Amino acid sequence: MTFLNPNFIPSGMPQTACSGTMFTTPSGFSPHLACAEPGEEEAPQEGPGPGPGACLADGPPITSASLDTLIQNLVPTADYYPEKAYVFTFLLSARLFIPPPELLARVCELCIKQQQLDQIRKFGPKILQLLTEWTETFPSDFRDEKMVGHLKDIIHRIAPCDEAYWKTLNQVLQKLSQRLSLMSQGEESIVKVSLNASSDKLVAFKTKPPPIQKDILSICNDPYTLAQQLTHVELEHLSRIGPEEFVQAFVQKDPLDGTQPCFSDQKKKTSNLEAYVRWFNRLCYLVATEICMPAKKKQRAQVIEFFIDVARECFNIGNFNSLMAIISGMNMSPVSRLKKTWSKAKTAKFFILEHQMDPTGNFYNYRTALRGAAHRSQTANSNRERIVIPFFSLLIKDIYFLNEGCANRLPNGHVNFEKFVELARQVGEFMTWKQVECPFEEDRAILHYLHTAPIFSEDGLYLASYESESPENQVEKDRWKALR
């Protein structure tokens, strides 16, 4: 399943409107920026600093501006520093129009001009703050050697002016190095998991699937414990996803740019998002495999009831992604057709959970529950209450339709900044949720099983399902015959 193809998103999800007022996800990120009124021409500026498009708390929200103006208002002066929300919004969206190394080079040029206007002791601390925000929020930008070169250029220009600058800049570089090292380690572990997991090498069985020796209940028979370990996996994946991946997933060539697209190695730029989608798919198939695997009806019903309880615990924790994966696995055709098995299981709680994740009304019930979890997170006194793990495919679908439904540029060539304020709101909210440390103790045996347990392919699931409960109609009989 390829992430960059929007068709990967589960079908049946209605399109989300473009306007920020139409989104029902909880609001937690709303930059306030000032600009010229819509339709007005931008006033000429004498030099860098707060002009039209600048980040002024008292001004109206920005709607559009030229790329040059937006870059200019990113650069601080002795008397001006852009709001943090503006910095995040612009650094997130600017990569659609200008590669990060080129943007940092432009910032460096403006800094040189600004240095000629202001005393470096007034201007220096603010450019240090900007560089700190950039390296902390978008560390992957600095994997590019050009980025590091421009960063060192700025450092060599301002650091000699004050010994305190050297100390601060060294701390920035050390923290950046640590972040990049952790990111590399995380990517290596993703590769190892992919190599070990059966989800990446599903086999279309021509005979009855070979028996699997272990099952989930032999590894963990407590629903709450398994829900906790699933939360570990989810938060581990979330922690690796950078905000820029949401933009790079749907990047298109800027029509006003005659050069190549900003991101040539697209797969590498979204590797963490793709790994997370693969995990969701694996969990779906793992649930289905565990249900179809037992030979006896009573055991299959027991596994169904177990996963219903796990799903309920995921809901209580705020782990909506695992919840949806479990429901999706239980709704796969090879599982849902096991009518005799389902008749033996207590399913009242399952239907309640299905109702919570019902796609009706653009997932109204789920979005309401998500708002509740987000509110709990904002007022929480412990990491346990701060956990919010959204149904990830729906988050991506919202961002996809925001991107597709609104142009990046207006007819006059200006950047449609209103669109990117909404994008930053959604991504910024996600960034808050992903920073939560998992409060549950790791169980390595369970985590190992979740990542490496063999799972059936779709054909394997059908074969196991037909072996458990014989085909009931001609379509099923024909399929079974073809598989065998």
Side-chain angles (χ1 to χ4, degrees), residues 8-14 16 23-28 223-224 226-241 246 272-273 275-284 286-287 307-332 349-380 383-400 425-440 450:
F8 89 89
I9 303 167
S11 61
M13 294 187 186
T16 310
F23 281 85
T24 53
T25 46
S27 175
Y224 185 52
L226 184 58
Q228 290 178 337
Q229 299 311 303
L230 288 171
T231 302
H232 260 293
V233 178
E234 300 283 351
L235 289 174
E236 179 68 22
H237 275 286
L238 293 189
S239 69
R240 294 171 182 157
I241 298 172
F246 291 96
N272 295 307
L273 282 181
Y276 196 27
V277 172
R278 286 197 300 273
W279 154 250
F280 181 91
N281 293 337
R282 172 174 172 77
L283 183 53
C284 290
L286 179 61
V287 170
F307 275 115
I308 291 172
D309 288 337
V310 174
R312 184 186 61 178
E313 295 298 344
C314 286
F315 179 85
N316 292 336
I317 288 172
N319 180 358
F320 297 104
N321 202 55
S322 289
L323 166 63
M324 192 61 177
I326 293 170
I327 291 175
S328 298
M330 297 176 81
N331 278 324
M332 290 180 72
K349 289 180 287 187
F350 178 67
F351 297 130
I352 294 173
L353 292 171
E354 273 195 316
H355 179 70
Q356 288 291 343
M357 304 305 286
D358 185 353
T360 302
N362 197 8
F363 284 85
Y364 177 81
N365 293 338
Y366 157 70
R367 293 183 191 274
T368 301
L370 182 67
R371 281 200 302 272
H375 178 73
R376 180 185 68 183
S377 179
Q378 292 169 356
T379 59
N383 279 342
R384 166 64 183 80
E385 296 175 326
R386 290 192 182 96
I387 296 173
V388 182
I389 302 173
F391 173 28
F392 196 66
S393 289
L394 185 57
L395 173 63
I396 294 298
K397 184 123 183 177
D398 285 345
I399 293 174
Y400 172 76
R425 183 191 69 78
Q426 294 189 47
V427 176
E429 193 168 54
F430 170 83
M431 293 297 292
T432 300
W433 296 338
K434 67 167 256 182
Q435 292 168 4
V436 175
E437 292 185 12
C438 190
F440 309 123
L450 291 172

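Note that the coordinates shown come from a computational prediction; the quantities given were computed from them, not determined experimentally. The first residue of the sequence shown is numbered 1, and numbering continues consecutively from there.
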Using 30° and 60° as the class boundaries, would you call the ring planes of Trp279 and His237 parallel, tilted or perpendicular? parallel
Looking only at heavy atoms, what is the nearest atom pair of [X] and [Y], with distance?
X	Y	answer
Pro390	Asn321	O-CB, 3.4 Å
Phe315	Ala369	CE1-CB, 4.0 Å
Leu323	Ala311	CD1-O, 3.5 Å
Arg376	Asn316	NH1-O, 3.2 Å
Lys349	Arg312	CD-NH1, 3.4 Å
Met357	Phe320	CE-O, 4.1 Å

[X] side, atom [atom1]; [Y] side, atom [atom2] - distance, nearest 0.5 Å:
X	Y	atom1	atom2	value
Cys284	Met330	SG	CE	12.0 Å
Glu236	Lys434	CD	NZ	11.0 Å
Tyr224	Gln229	OH	CD	11.0 Å

Does Ile317 reach the side chain of Leu230, with side-chain heavy atoms less than 4.5 Å apart? no
Got a donor-acceptor contact below 3.5 angstrom from the Ser328 side chain to the Met324 backbone? yes
Can any side-chain N or O of Asp358 pair as donor or acceptor with the backbone N or O of Thr360 at less than 3.5 Å? yes
Side chains of [X] and [Y], donor plus acceptor under 3.5 Å:
X	Y	answer
Gln356	Asn365	no
Glu313	Asn319	no
Asn383	Arg386	yes

